[in-house]
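Quick notes on the structure that follows.
If you read the sequence from its start, that first residue is 1, and numbering goes on from there.
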Amino acid sequence: MSHSWLQRKRKGELIDLAQKAGLPDADGYLKDDLVELLEEHLNSHETTYAKQADFRDYYGRSGSPLKRERASPSEAVTLTKSRRRTLIKAPSEEPTPEKTLTAPSTSALVTRTPRAVSRRVSEVLSEVDIPASPAQLAEVADQSFQVVKAKTTELWDRTQIDYFKELIRENASSVATIQTLILLIEAAGLQWNTLQTTPTFALSDSVSKYTNSQYLFIPDFLALLTSDWWAPATLWSLTNWVLPLVFSYFFNLTLKSNTNRKSSDRQYPADPLTFNILKAILAYSAYKFPVVDPALTANPGIVQANDLSWGPFSAETVGVVRSNVPGGYYGLQIGAVVGVLISLYDAALKK
């Protein structure tokens with residue numbers, strides 16, 4: 001009964017019983033080997049585990065296999081002694097029952113020791129190539145998946161992508177970063193359109209197939225020494241960040257008229273709202289499109305002269321900036337409006 005009781009258990013239940021019995025590395029055995037190991041351990045420590053509720057069914061109603069093995073020889077001895085007494089009193093045909101009675105006792109001993117049978121079965125199973133069960137295949141697949149997952153996690157941690165992602169996110173989530181990004185887009189678009197390129201050397205036929213050009217072009221850095229580049233760059237710098245930055249530094253509404261506080265979460269060195277408002281005003285005054293008076297269109301003899309220059313900068317310089325900045329005049333105004341909305345949203349969050 002004890003062997004069949006263990007054999008009916010699942011491998012997970014056998015592992016739990018082995019852990020409660022103090023057997024180390026129980027999950028590394030096959031089920032048959034684990035049954036044999038548990039049976040041997042429980043039989044040798046009957047006095048220790050017989051009183052525990054988890055092993056009470058193992059020792060069962062008729063006792064452990066060890067007790068049965070110890071009890072069987074004594075029974076055989078008593079039977080033979082009793083039959084010998086009958087032989088002395090009536091020597092008739094009693095030796096024949098003696099053999100028949102002792103034979104079942106020895107056969108009972110053989111049948112009551114399933115350890116040899118289980119060991120033989122394990123040896124036969126080890127020699128025969130039996131396909132793995134679905135549970136074993138699932139266990140192997142799960143172990144392989146855990147190994148791959150651990151290796152992937154280790155490689156991902158080595159790249160430090162999460163660290164740089166959080167660093168970029170923390171630094172980009174600010175009004176100053178967004179305003180700087182808008183200015184960089186405007187400056188890059190202006191320089192891309194105004195700084196001419198010049199061919200340096202011819203490309204091979206295999207490379208020209210992919211570039212659709214027979215020469216390698218690089219920016220003409222000699223143009224940096226001429227006023228054709230400096231005049232638009234200076235005009236854009238004055239109207240888009242120099243004058244707005246100076247004005248917003250002195251008219252900083254985030255200080256709240258308290259100049260003693262030099263650092264706070266609600267303060268900026270320059271007020272972003274004032275910066276974008278002045279930027280929009282300067283863009284309107286410098287880059288607005290000329291509008292012809294409708295009352296003068298019906299008089300062909302009257303000509304209206306519109307001065308498109310702005311301060312010391314000529315109308316040609318103003319036109320270069322207005323035509324080459326991404327989005328033109330409306331692009332400048334959209335950038336200023338975006339800066340105003342972000343400044344108001346940031347101020348509302350800090351209330």
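- With rounding to the nearest 0.5 Å, the separation of CG in D271 from CG in L245 is 11.5 Å.
- Within 6.0 Å of atom CG in D205, 12 or fewer heavy atoms from other residues, nucleotides or ligands are found, so the atom counts as exposed in its surroundings.
- Between H41 and Y49, the ring planes lie tilted relative to each other; the angle falls in the 30° to 60° range.
- Rounded to the nearest 0.5 Å, atoms OG1 (T198) and CD1 (I218) are 7.0 Å apart.
- Residues L238 and F313 meet the side-chain proximity criterion, which asks for heavy atoms closer than 4.5 Å.
- Residue I15 holds its CD1 atom at 10.0 Å from CG of L38, rounded to the nearest 0.5 Å.
- At distances below 3.5 Å, not a single donor-acceptor pair connects side-chain atoms of E186 with backbone N or O atoms of P326.
- I342 is not connected to L184 by any chain of hydrophobic side-chain contacts under 4.5 Å among Ile, Leu, Val, Met, Phe, Trp and Tyr, and they are in different clusters.
- Atom OH of Y249 sits in a sparse spot, with 12 or fewer heavy atoms from other residues, nucleotides or ligands closer than 6.0 Å.
- Looking only at distances, a side-chain donor or acceptor of T200 sits under 3.5 Å from a matching main-chain atom of L216.
- A donor-acceptor pair under 3.5 Å is formed between the side chain of K31 and the backbone N or O of Q7.
- A heavy-atom distance below 4.5 Å is not found between the side chains of D220 and T197.
- For the pair Y29 and L14, the minimum side-chain heavy-atom distance is 4.5 Å or more.
- Under the 4.5 Å side-chain criterion, counting only non-hydrogen atoms from C-beta, Y284 is in contact with Y329.
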V338 and N276: CA distance, side-chain angles, deciding distance, side chain to side chain contact (heavy atoms under 4.5 Å, CB included) verdict:
CA-CA 9 Å; V338 171; N276 287 283; over 6 Å; no

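- A heavy-atom distance below 4.5 Å is found between the side chains of Y287 and T239.
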